Amino acid sequence: MFKNILLATDGSEHSNRAIDQTLKMISPYKDQGHIELVYAVDGEKSKKDVLKYGDSHTATAKRKEKFLDTIQHIEGQGVKANISILHGEPSETLIEYANNGNYDCVVIGSRGRNKLQTLVLGSVSHKLVKYVKSPVVIIK
Amino acid sequence: MSISKIKEQWFGNVRGDVLAGIVVALALIPEAIAFSIIAGVDPMVGLYASFCIAVVIAFVGGRPGMISGATGAMALLMITLVADHGIEYLLATTILTGILQILFGVFKLARFMKFIPRSVMVGFVNSLAILIFTSQFQHFVDETWIMYALVGLTLAIIYLFPLVTRAVPSTLVAIVVVSAIAISMNFGVRNVGDMGALTQSLPFFALPNIPLNLETLMIIMPYALALTIVGQLESLLTASIVDDMTDTDSDKNKESRGQGISNIVAGCFGGMAGCAMIGQSVINVKSGGNGRLSSLVSGIVLMFLIIVLGGVVVQIPMAALAGVMIMVSIGTFDWSSVRNLHRVPKTDASVMVVTVLTVVITHNLAYGVLAGVVLSMIFFAVKISKVRVLPLYVHEGRKKIYYIQGQLFFASVTDFLDSIDFKDDIDEVTIDLTESHLWDDSAIGALDNLETKFEQNGVTVHFKGLNGESSRLLNRLGGVSKSAGH
């Protein structure tokens, strides 16, 4: 049974689908489940957000705000949830975070926002499958 | 600061800092040369500046992991000073800028940066990008198609090489490849050596050779002020970006002082004024640098490479540098601000556009910031000066109650008085200020005025619902003596 779940999200459609599928997956024992959403902020995003919101504290608050609806959506289904925000190159930080924590599985959507990058560099999800120690579920 | 914290900031990440420092040094060299050329001085002036600033800020800066050096924003402000008065005045201005920045830090003025609206910041960044871009046009004058081809090749390598590997900075690869082609084919295109001398020696201490009098001060003061503002703006913005990338806090006032100290040192050692660099700092953190060591390493490696490889560096064709600068300008521009222009409030959009236009027309980033701030203030005053007045008749039309919603101050009192009907045939008037606030003398004056006008027509006036601060102001200024508070 996957109870303690780490779910990598970038706020995209694909990530939201991953959330819905995860909820479906754990629905038989949802009262025991916990989904930790994790969002990695890379350098370009930092630059853009600080320009937009003025400073790092406000940017962090705004990012958390952005996921409030999602968390409410998950908790509305009777599953506990929270959000963690990481800083750095997404795949590296996500892998490190996942391996340092004690998760029953890691869930990720199959394709994030940047299609060109996925095409050329390989996707974050591929890297996660390769280097994360716990089971990885990719939602297509 | 405790010993353990100093140790952590210096030696907490030696491997990452050294590697990132080397990568940054390689990226700093072409930029330092190109920014010198924008300012109209020898390449050494920018290289010495980047060396001095990077080394000094490593010790005195407030934001470990941030990279500072000669920058485009600062270079753009110096063009007319160098053209009219020469390099010695630039060095003096650099020292004065440093002194002003130290004062900025000592008096903790970093907190006033919040008065610069975000649309002005975005306009600042965009106009900086535009100016860096347009400053490259001069290199295309009287050049053949070879120049265009080399610039195109530089850009192609810069943007496509990362698809092969990200271990080596693609700008460096582009410069090496394009230089090799230009040198071996002997195209005869202009190179760095044609733009000024490159001395392969360490900078030495020398105070600027200028007359120390009021006249000199009058020449350099306006430039130093502009450099101070722009330098602090970009440095504190960069510090916030590094804060966010590393998820740590930094001491902004210490950083302001540090920028000042490093500029004074730069000016004394033949370098031009500089500040923090957004692009280089992002490269540094991405390459694994987050301590003070990376800035120190980048400065030392930069100087070492110039001393060892100076003979090669002068042969870099201007086409390669122009390509790098075009990449810098594309990377600096905040493209999302243009994509979202129709979505943000019209006032914000126009502040951004006015900031950009002012800079592009005056070629002075400081004027653009000033224009943007003033315009934002006007917009704010207009927005907040909207007062809603809701009249209501009671007592079979013998009494009228005015509900006032909004801020009463100098900009709003005219509208407020215009919406009151003094010719009404009534006995009594109540002004309900529960949802309002009196801010200044004009507001008190307006209430006095209103009371007098009604009383001329034999109408009694009552004020009610004044909040605490407003009634204190009223008492202090002694207005509305008869009926206030009833």
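Here the structure is a predicted model, which means the values were calculated and not measured. In what follows, every heavy atom counts, from backbone to side chain, and hydrogens, waters and symmetry copies are set aside. Per chain, numbering begins at 1; letters A, B, ... match sequence-line order.
Residue Tyr159(B) qualifies as enclosed at atom OH: its count of foreign heavy atoms under 6.0 Å is above 12. Counting heavy-atom neighbours within 6.0 Å of Glu75(A) CD, excluding the residue itself, gives a total above 12. Within a 6.0 Å sphere centred on OH of Tyr29(A), heavy atoms belonging to other residues, nucleotides or ligands number more than 12. More than 12 heavy atoms of other shown residues, nucleotides or ligands fall within 6.0 angstrom of atom CG in Asp31(A). More than 12 non-hydrogen atoms from other residues, nucleotides or ligands lie less than 6.0 angstrom from CZ of Phe379(B).
Checked by atom type, the side-chain pair His57(A)/Asp249(B) shows a donor-acceptor distance below 3.5 Å.
The distance from atom CD1 of Ile278(B) to atom OG of Ser46(A), rounded to the nearest 0.5 Å, is 12.0 Å. In this structure, OG in Ser336(B) is found 8.0 Å from CG in Leu51(A), a value given to the nearest 0.5 Å. The CD1 atom of Ile241(B) lies 12.5 Å from the NZ atom of Lys48(A); values are rounded to the nearest 0.5 Å. To the nearest 0.5 Å, the span separating CD1 on Ile85(A) from CG on Asp247(B) amounts to 9.0 Å.
Both the backbone and the side chain of Asp243(B) come within contact range of chain A, each with at least one heavy atom under 4.5 Å from a heavy atom of that chain. For Val282(B), the part lying under 4.5 angstrom from a heavy atom of chain A is the side chain only. For Val242(B), no part lies near chain A; criterion is any non-hydrogen pair under 4.5 Å. Of the two parts of Lys52(A), only the backbone, made up of N, CA, C and O, holds a non-hydrogen atom closer than 4.5 Å to a non-hydrogen atom of chain B.
Shown here for Ser56(A) and Ser240(B), the closest heavy-atom pair between the two residues is CB-O, 3.9 Å. The shortest heavy-atom contact between His87(A) and Met245(B) is CB-O, 3.1 Å.
Side-chain contact between Asp244(B) and Arg63(A) is present, with at least one heavy-atom pair separated by less than 4.5 Å.
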